[in-house]
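These notes concern the structure reproduced below.
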Amino acid sequence: MIWKRIAGWSLVLAPVAQLGGWTFMRFGGNEGVEPWTTIAHSVWLAGFVMLAMVCVELYSRVRSRGAAQLLARASLAVALISVAASIAEMIVDLYVGFATDDHAQWEVMDQQIRSVPAAEAILYGFGTQLVYLGLLVLIIQLAVLKRISSTTLALILATLALFVTYEALDGPGRQVLMPFAVLCMWLALAPLGWRLLKQARGPLDPSRQASRSAVS
């Protein structure tokens, strides 16, 4: 029951946290303006932890054998390693924010970290994006096994298409895509979360049910 509550709320709130972090960065976090930078990265940090819970929950639903189960395990591993990279990025960025007094100092320390071999790719590049590949493979497996609807699969595909387009484009117009991408993600995952939360509540206690009947 505890895991169902954790996984259920993670499915519902992980996309919300992703949009929340992105939104707070629009308020000035991109320029290092406080408290928006700290708030944005803190919200993102919580969101990535919940995204890891989402991936574990989806993996637990595969319940296959042979090569299919190996593929699910590999997808989960890729997703969790990528989430770990994103969490590390959030922690590093929060540390840089706390350790510097102004934006100039922030830029210097940020460049020092990015100059560490492989840090740019792992913390700020493809390393943090691989979670969506792992998530997609798990969703496709669940759709093939008919454990999620084709609508959920279509929404996840739309999410990834919008994310890829967002990353590929340049200029202010690309910002319009992010809310739609997160909305598609929320519409795909939230119904799964609500069902888990409903299961976690369990059947109504008989004495409470009788009390409600008497009142009505």
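Numbering starts at 1 and runs along the sequence shown.
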Starting at [atom1] of [X], measure out to [atom2] of [Y] and round the result to the nearest 0.5 Å.
X    : Y    : atom1 : atom2 : result
L76  : C55  : CG    : SG    : 7.0 Å
T100 : E107 : OG1   : CD    : 10.0 Å
S86  : I91  : OG    : CD1   : 11.0 Å
L160 : Q129 : CG    : CD    : 10.5 Å
T38  : L45  : OG1   : CG    : 12.0 Å
L11  : M53  : CG    : CE    : 11.5 Å

Sub-4.5 Å side-chain heavy-atom contact between [X] and [Y]:
X    : Y    : value
F163 : T159 : yes
E57  : K4   : no
V137 : Y132 : no
L189 : T152 : no
L136 : L157 : yes
R61  : L192 : yes
S149 : L153 : no
L51  : M185 : yes

Transitive ILVMFWY side-chain link [X] to [Y], under 4.5 Å:
X    : Y    : value
I6   : L135 : yes
L155 : M178 : no
I39  : M50  : no
I140 : L145 : yes
L187 : L13  : yes

V131 and side chain to side chain contact (heavy atoms under 4.5 Å, CB included): which single residue from L80, V83, V54 fits? V83

For F180, which of V176, V182, L177 qualifies under side chain to side chain contact (heavy atoms under 4.5 Å, CB included)?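 Single pass found, and it is V176.
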
For V92 and Y124: C-alpha separation, side-chain torsions, deciding distance, then whether side-chain contact (heavy atoms from CB on, under 4.5 Å) applies. CA-CA 11 Å; V92 167; Y124 303 97; 3.9 Å; yes

Nearest atoms (heavy-atom pairs only) where [X] meets [Y]:
X    : Y    : value
Q141 : A68  : NE2-O, 2.8 Å
Q112 : S115 : O-OG, 2.6 Å
L94  : S42  : CD2-OG, 4.0 Å
A17  : G47  : CB-CA, 3.4 Å
C184 : A158 : SG-CB, 4.1 Å
G20  : V43  : C-CG1, 4.1 Å

Donor-acceptor contact present, side-chain [X] to main-chain [Y], <3.5 Å:
X    : Y   : result
W186 : V12 : yes
S75  : L71 : yes
S82  : A79 : no

Given the ring of W22, does R26 sit roughly above its face, with NZ or CZ under 6.0 Å from the centre of the six-membered ring and within 45° of the axis? yes

With salt bridge (Lys or Arg N to Asp or Glu O under 4.0 Å) as the test, would you mind laying out the steps for R114 and D110 before giving the verdict? CA-CA 6 Å; R114 289 174 184 267; D110 182 66; 2.8 Å; yes

For side-chain contact (heavy atoms from CB on, under 4.5 Å), just list the numbers for M25 and H41, CA-CA rounded to whole Å, side-chain angles, deciding distance to a tenth of an Å, and then say yes or no. CA-CA 8 Å; M25 289 297 282; H41 283 81; 3.9 Å; yes

F48 vs M90, side-chain contact (heavy atoms from CB on, under 4.5 Å): CA-CA, chis, key distance, verdict: CA-CA 9 Å; F48 283 120; M90 296 302 107; 4.1 Å; yes

So with a 6.0 Å cut-off around CH2 of W194, is the heavy-atom count from everything else above 12?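 It does not: W194 CH2 has 12 such atoms or fewer within range.
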
Is it true that the side chains of E89 and W44 contain a donor and an acceptor less than 3.5 Å apart?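 There is no such pair between these side chains.
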
If only side-chain N and O atoms count, and only distance matters, is there a donor-acceptor pair under 3.5 Å linking Y59 with Q69?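 Yes, side-chain donor-acceptor contact under 3.5 Å.
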
Evaluate the criterion side-chain contact (heavy atoms from CB on, under 4.5 Å) for residue pair L196 and W3; output intermediate values, then yes/no. CA-CA 9 Å; L196 267 183; W3 171 253; 5.8 Å; no

